Colleague: 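My questions will all concern the structure given below.
Order of appearance sets the numbers: ligands from 1, and atoms from 1 within every ligand. Everything numeric in this text was worked out from a predicted model, so none of it was measured. Heavy-atom basis, side chains included; hydrogens, waters and symmetry copies ignored.
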Amino acid sequence: MAYKDPNDERRIQKDFEYMNSERGYVGRAISGKLKPSYGKYGGHKPDKSMDKREFWRLYMNHIIKMKEKFPGSTGRLCIYCERPFTFKARRGTRGKGYQGRQGQIKTNFSIDRYDPRITYKVNNIVFCCVDCNEKKKNSNPDDWLNFIRIGKELYKT
Ligand SMILES: [Zn+2]
């Protein structure tokens, strides 16, 4: 970093621009998952097979798959609602640790475990918007089947 004083306005601006780029934003999300302190905030420790490179590789695969599904798009789409990701950071959150999902921008990129009973690893890591991640929370595939089963019973004629 060129500006040593962390309160230097130029440095703050530079950090902010970087965090708002896809590379900065996704890198920060990945680092957050790999931080040893992540578990303290109720996070889930990723599988041993997961490091930064592997997270990035899975994200690149996600982009390729979504591009195939939606030719002409950038592939930066939520796997669930299939709407475009944003990578918008909030100013003034630097160095303050995990902020929680509250107040986050709903269209922002996030990393999800498809089945929350399983940790972060290949075939369980998906990339979705904050909104979908929030809606899903800790519900798991068995819960979803239950919801659908009852729906079928309710609307049976
Ligand atoms: Zn979504």
Colleague: Using the test side chain to side chain contact (heavy atoms under 4.5 Å, CB included), find all partners of N138 that sit at least two apart in sequence or belong to another chain.
Modeller: P116
Colleague: For the Zn ion (ligand 1), which protein N/O/S atoms fall under 2.8 Å? Skip waters.
Modeller: C78 SG, C81 SG, C129 SG, C132 SG
Colleague: Looking at K65 and E68, is there a salt bridge between them, counting it only when a charged N and a carboxylate O are closer than 4.0 Å?
Modeller: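 Result for this pair is no, no salt bridge flagged.
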Colleague: In terms of side-chain heavy atoms, does E17 have a donor or acceptor partner in Q13 at a distance below 3.5 Å?
Modeller: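 Yes, Q13 and E17 have a side-chain donor paired with an acceptor closer than 3.5 Å.
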Colleague: Quick test of your reading of the model: are K136 and D112 salt-bridged, counting only N-O distances below 4.0 Å?
Modeller: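 Result for this pair is yes, salt bridge flagged.
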Colleague: Between D8 and R10, does any NZ, NE, NH1 or NH2 come within less than 4.0 Å of an OD or OE carboxylate oxygen?
Modeller: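 Result for this pair is yes, salt bridge flagged.
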Colleague: Please work out whether the ring planes of W144 and Y114 are parallel, tilted or perpendicular, with thresholds of 30° and 60°.
Modeller: perpendicular
